[in-house]
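What follows is one structure encoded as structure tokens, with my remarks underneath.
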Amino acid sequence: MIASNGKGPSHFGGNGQGQARVDPLAALRTSEDPPWDVYLTGTVFLDIVFTGLGTAPVRGTESWARGMGSSPGGVANMATALARLGLRTSLAAAFGDDHYGEYCWDALEQGEGIDLSPSRRVPGWHSPVTVSMAYEGERTMVSHGHEPPPEAVLVQEGAPDRPPRARAAVASLEPGKRAPWIAQAAGEGTRIFADVGWDETGAWDLAGLPDLAHCEAFLPNAEEAMRYTGASCPREAAHALTDHVPLAVVTLGAEGAYAVDRRTGEAAAVPAIEVEALDPTGAGDVFVAGFVTGTLAGWPLADRLAFAGLTAALSVQEFGGSLSAPGWSEIGAWWRKVQSVASQDPAALRRYAFLADLIPKESAPGWPLRRAVPTIGFGRSA
């Protein structure tokens, strides 16, 4: 559990099953540190995922799924991914006071050890819900939600309370809109990592992202980066973006990622890990969480990209958003597998050698896979 007084965690990395075994920032921690490693704010959905569908549902018929899971979604995907990587994570979100909201709150606070002291329960508000159907490596989603009341909007925009002190924050930029908490947090020394969604206005104008000026890193996908810069290729777009933000990271899907750091002049490209993708839900959030972890730990740029790509690759091999976010047990299992077949894949052994100093040699007894309980509880959590 994490203390809810906003002063920091009572112990590191609780997930309801004991302490995390890997702290990627252990060598950097001092008594003067902010109480939190990462702060986030946004909307939490209840995600219900149907799996094992042979084909897409056909109109006028009933389809049976071989599997189903439920978990907190929306901004909870990112928060869970960060917490499972060992970062002290604080989340400001509004939760309905229905059973769905209760389940999401308990899963995040008690199941993942995420600090919810900036969050609020909103009486009479129904939790937004997304139903996702996964088949043939694709997904189809249907969402439903009620208009949030003013108090919910304030919480999810980082107000009315000032954001807690944190090493970093992750923000989703919206064209034409400022989020006052971003400038406030940046002014207090918080490093802002930003992603962005599709520009529905069609303007694709970087001037329409005013909070980008407060960001340390910007992580769009290739299509978004090229549209915002007018560049003809993702690498050209990444270099162009460094005129607006110190660090640009462009994700290239199956081709990996490319990054440029204006301050050091360093550029890095890392190919994607080839895996059988079952469900891409949340993979982008997991990539950002991996990159933030490596950046806060002070790793070289190429190692950060490789780690982010690895965590995303592990996530798409499982179903769901926060359900699929990997912890160090999954990362360790993957690394040991790479070591066991080193003669067949020496490039991977060299590329991910930096993991050797992080991962215990073997999983300790009682160190289970870090997974949210994949169903709505039978009763309120103790």
Side-chain angles (χ1 to χ4, degrees), residues 1-5 8-23 36-49 51 67-121 127-130 132 170 279 281-282 285-286 289 293 311 314-315 318-331 363-364 366-382:
M1 292 287 293
I2 283 185
S4 59
N5 58 9
S10 55
H11 68 263
F12 173 69
N15 72 331
Q17 302 178 24
Q19 294 183 348
R21 299 301 177 103
V22 175
D23 178 0
W36 307 110
D37 294 327
V38 187
Y39 169 75
L40 305 101
T41 185
T43 303
V44 172
F45 287 73
L46 172 68
D47 282 357
I48 300 174
V49 183
T51 66
M68 189 198 84
S70 56
S71 63
V75 70
N77 293 338
M78 178 80 70
T80 299
L82 290 162
R84 289 183 181 175
L85 292 177
L87 297 188
R88 301 171 180 176
T89 303
S90 185
L91 171 64
F95 291 78
D97 65 347
D98 52 8
H99 289 308
Y100 293 168
E102 178 184 279
Y103 165 74
C104 289
W105 184 289
D106 288 349
L108 294 172
E109 184 181 58
Q110 299 181 25
E112 305 295 346
I114 295 168
D115 168 56
L116 297 182
S117 59
S119 297
R120 299 290 181 270
R121 300 181 191 269
S127 300
V129 176
T130 293
S132 176
V170 181
D279 184 0
T281 304
D285 294 324
V286 171
T293 299
T311 55
L314 293 175
S315 77
E318 303 284 346
F319 289 105
S322 62
L323 281 175
S324 68
W328 286 100
S329 50
E330 291 95 335
I331 296 168
S363 294
W367 186 18
L369 298 181
R370 305 188 68 182
R371 289 279 182 262
V373 176
T375 187
I376 294 177
F378 294 103
R380 183 171 179 83
S381 301

What pair of heavy atoms forms the shortest contact from [X] to [Y], and how long is it?
{"X": "A81", "Y": "A289", "result": "CB-CB, 3.6 Å"}
{"X": "E112", "Y": "A83", "result": "O-CB, 3.7 Å"}
{"X": "A79", "Y": "L91", "result": "CB-CD2, 4.4 Å"}
{"X": "P326", "Y": "L85", "result": "O-CD2, 3.9 Å"}
{"X": "W328", "Y": "G86", "result": "NE1-N, 4.2 Å"}
{"X": "F45", "Y": "C104", "result": "O-SG, 3.9 Å"}

Return yes if some donor-acceptor pair links the side-chain N/O of [X] with the main-chain N/O of [Y] below 3.5 Å, else return no.
{"X": "T80", "Y": "L323", "value": "no"}
{"X": "R121", "Y": "G101", "value": "no"}
{"X": "S329", "Y": "G327", "value": "no"}
{"X": "Y103", "Y": "S70", "value": "yes"}

Roughly how far, to the nearest 0.5 Å, is the [atom2] atom of [Y] from the [atom1] atom of [X]?
{"X": "T89", "Y": "R84", "atom1": "OG1", "atom2": "CZ", "answer": "11.5 Å"}
{"X": "L46", "Y": "S71", "atom1": "CG", "atom2": "OG", "answer": "7.5 Å"}
{"X": "L314", "Y": "I331", "atom1": "CG", "atom2": "CD1", "answer": "6.5 Å"}

Report task. List for me each residue that meets ring-ring contact (aromatic ring centres under 6.0 Å, His included) alongside F95, sequence neighbours excluded, and say none if there are none. Result -> W105
Side chains of [X] and [Y], heavy atoms from C-beta outward: is any pair under 4.5 Å?
{"X": "L82", "Y": "L40", "value": "yes"}
{"X": "I48", "Y": "M68", "value": "yes"}
{"X": "V75", "Y": "T41", "value": "no"}
{"X": "D47", "Y": "S322", "value": "no"}

Report summary line: Residue set satisfying side chain to side chain contact (heavy atoms under 4.5 Å, CB included) with A76, at least two apart, ordered chain then number -> V44, P72, L108
Report task. Applying side chain to side chain contact (heavy atoms under 4.5 Å, CB included), name anything that partners D285, two or more places apart in sequence or on another chain. Result -> N77, M78
Using the side chain to side chain donor-acceptor pair (under 3.5 Å) criterion, which residues pair with [X]? Sequence neighbours excluded.
{"X": "S127", "answer": "D98"}
{"X": "D97", "answer": "none"}
{"X": "T43", "answer": "Q156"}

